[in-house]
2 protein chains.
Amino acid sequence: MVNKKDTTAEQKILTAAKKVFTMNGMAGARMQDIADEAGINKAMLHYYFKDKDKLFEVIFMAEAAKFFPKVNIIFESDMPLFEKINRFVNEYIDEIAENPYLPWFILNELNRDADQFMSKVWNMAHRPKPEKFLAQIEKEVKKGTIKRISPLHLLINLLSMTIFPFIARPMLMRTMQMDELQFREMIEQRRKEIPKFIIDSIKK
Amino acid sequence: MVNKKDTTAEQKILTAAKKVFTMNGMAGARMQDIADEAGINKAMLHYYFKDKDKLFEVIFMAEAAKFFPKVNIIFESDMPLFEKINRFVNEYIDEIAENPYLPWFILNELNRDADQFMSKVWNMAHRPKPEKFLAQIEKEVKKGTIKRISPLHLLINLLSMTIFPFIARPMLMRTMQMDELQFREMIEQRRKEIPKFIIDSIKK
DNA sequence: GTCTATAATTTGATAGAC
DNA sequence: GTCTATCAAATTATAGAC
């Protein structure tokens, strides 16, 4: 199933590999499956990307490199806290709508081989940088504009509520007996539910 | 690294296989690694469990079978809502302390091959049953004892905040520059932080 | 039951024609 | 650049001695 935008073989491979890698992980992905998905020959994968490790690295680095900076722009901006939380939730959901398997992909490989991942991808430019966000929470607590709360736990709560539903999608869909459309509706609702839930909890 | 409790070869294999499968997933696990971990021979794995698929299924079903009922006992009990939330968080963290890779294990295989998992493991006895919990929230909202909130989103928030940190452990440890001990301390704090955060958000 | 040695299979990688 | 055919390596599975 080749995307209409993918003209060159190289681009077809990248699109196919991204799909197969994200759905099966590095170990589970088959070069043959990537070739089939791209509608080309297996030998072509090696012609363009040398070997499986290299192909994986190209995909993985590109995805992480696109993703984390977007989050960091929000975390490091000068917006008020509540607006920042709102923006984070919405931008994250926007991003995942285009790359449904991305969070899974990143966490999966981080769990599998954290050290290798760090050395190749998690460099200065591409890692999450929450320091400013944490300091901002601390400041608001001290000013007394929000309740006393641990900045770390607030950040983890925000990340958890935003990211987890995408990772646990199959479990949630089955447990709650949701179909594809209902799942998407649930996610859309969370654009407002998550900020509201957080703000209700910490506002004075 | 054989556990002192594991006397028989079969038990050694089960313990070793659980560890290797949960750390590497089905596709990434190597039969040789399981044999080494168990301190026995590779042929023994096949003698006791026929093949890799069968061994995986035995482990996986056993873990899921133990885990979900514990959660369900809480969800289906007659405790007051706030107490139920508190108990869920604490029992879940207790459980994961003994099986750190279990949530990852379950979600990983659910993402990889949901249909097969469902047919073999997710049967009547072993699936999560949140219906009573959802109804209880609905009832409290109608009584006016808590704020108006979607029961579904409250449940997802609870699951997210409790489970996500374990799944995202490598990312959190690296991003927040935590060592093993600091991570465990953070988790311990969440026993109180999560219920407090939720209750602050929904209490009137 | 447990082992060593080996077969069988899967899968990644390459050679060589076009 | 692209393909078919084939090789090489990794990995699962089994045969057979003890």
Side-chain angles (χ1 to χ4, degrees), chain A residues 1-62 105 108-109 111-113 116-117 120, chain B residues 1-61 105 108-109 112-113 116-117 120:
Chain A
M1 309 314 137
V2 179
N3 192 310
K4 289 168 190 169
K5 275 184 166 182
D6 302 327
T7 51
T8 70
E10 191 170 2
Q11 193 54 50
K12 285 180 191 168
I13 293 170
L14 285 171
T15 303
K18 179 179 163 186
K19 181 171 178 183
V20 175
F21 276 133
T22 50
M23 294 203 322
N24 304 301
M26 167 66 177
R30 295 285 155 263
M31 295 295 267
Q32 187 61 59
D33 292 341
I34 295 174
D36 292 348
E37 180 74 29
I40 51 101
N41 190 282
K42 201 172 52 157
M44 297 289 280
L45 304 181
H46 294 94
Y47 176 78
Y48 281 104
F49 297 96
K50 186 176 173 67
D51 59 23
K52 190 183 176 184
D53 277 319
K54 187 69 189 166
L55 178 55
F56 181 79
E57 192 187 321
V58 168
I59 303 280
F60 199 8
M61 285 194 61
F105 186 46
N108 200 358
E109 297 310 318
N111 269 287
R112 205 179 55 88
D113 191 349
Q116 187 187 318
F117 175 68
K120 288 188 179 169
Chain B
M1 308 299 143
V2 178
N3 192 308
K4 289 168 189 168
K5 275 183 166 179
D6 302 327
T7 51
T8 70
E10 189 169 3
Q11 192 53 51
K12 286 180 192 169
I13 293 170
L14 286 171
T15 303
K18 179 179 162 186
K19 180 170 178 182
V20 175
F21 276 134
T22 51
M23 293 203 321
N24 304 301
M26 166 68 178
R30 294 287 156 260
M31 295 295 267
Q32 186 62 58
D33 293 341
I34 295 174
D36 293 347
E37 179 75 29
I40 51 103
N41 191 282
K42 204 173 50 159
M44 297 289 280
L45 303 181
H46 294 93
Y47 176 78
Y48 281 103
F49 297 96
K50 186 176 173 66
D51 59 23
K52 190 182 176 184
D53 277 320
K54 187 68 188 165
L55 177 55
F56 182 80
E57 190 187 322
V58 169
I59 303 280
F60 198 10
M61 285 195 61
F105 186 46
N108 199 0
E109 297 309 318
R112 205 179 56 86
D113 192 349
Q116 186 187 318
F117 175 68
K120 287 188 178 168

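Letters A, B, ... mirror the listed sequences (proteins, then strands); counts begin at 1.
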Rounded to the nearest Å, what distance is computed from the OH atom of residue B/Y48 to the P atom of nucleotide D/dT12? 20 Å

N or O in side chain of B/H46 less than 4.0 angstrom from D/dA13 OP1/OP2: yes

Spacing of A/L14 atom CG and A/T8 atom OG1 [to the nearest 0.5 Å]: 8.0 Å

For residues 42-51 of chain A, tabulate all N or O donor-acceptor pairs below 3.5 Å that involve a side-chain atom, not counting sequence neighbours.
| residue | atom | partner | partner atom | Å |
| --- | --- | --- | --- | --- |
| A/D51 | OD1 | A/D53 | N | 3.4 |
| A/D51 | OD1 | A/K54 | N | 2.9 |

Output the rounded distance in Å from NZ (B/K12) to P (C/dG1). 13 Å

Assign A/F49 to base, sugar-phosphate, or nothing according to its heavy-atom contacts below 4.0 angstrom with the strands shown. nothing

From C-beta outward on B/D51, which listed nucleotide comes closest to its side chain: D/dT12, C/dT2, D/dA13? D/dA13

Under 4.0 Å between a side-chain N or O of A/R30 and OP1 or OP2 of C/dG12? yes

When rounded to whole Å, the CD to C1' distance for the pair B/E10 and C/dG1 reads 12 Å

Distance col, row B/I59:CD1 vs B/E57:CD, nearest 0.5 angstrom, shows 11.0 Å

Within this structure, what is the NZ-to-P distance between B/K42 and C/dT6, rounded to whole angstrom? 13 Å

Heavy atoms from C-beta onward define the side chain here; which of D/dT12, C/dC3, D/dC3 lies closest to that of B/I40? C/dC3

With respect to the side chain of A/M44, which nucleotide from D/dT12, C/dA13, D/dT2 is positioned closest? D/dT2

Check the distance between D/dA10's P and A/K52's NZ and give it to me in whole angstrom. 13 Å

side-chain contact (heavy atoms from CB on, under 4.5 Å) with A/E37: which of A/R30, A/K19, A/Q32? A/K19

Round to the nearest Å and state the distance from B/N24 atom CG to D/dT12 atom P. 11 Å

Choose from C/dT2, C/dA13, D/dT4 the nucleotide whose nearest atom is closest to any side-chain atom of A/M31. C/dA13

Classify the nucleic acid contact of A/N41 as base, sugar-phosphate or nothing, counting any heavy atom under 4.0 Å across all strands shown. base

Rounded distance (Å) that lies between atom C1' of D/dT12 and atom CZ of B/F56: 16 Å

Name the nucleic acid region contacted by A/A29, choosing base, sugar-phosphate or nothing; use a 4.0 angstrom heavy-atom cut-off, strictly under. sugar-phosphate

Rounded to the nearest angstrom, tell me the gap between atom CD1 in A/I34 and atom P in C/dG12. 8 Å

Any side-chain heavy atom of A/F60 sitting closer than 4.5 Å to one from A/M26? no

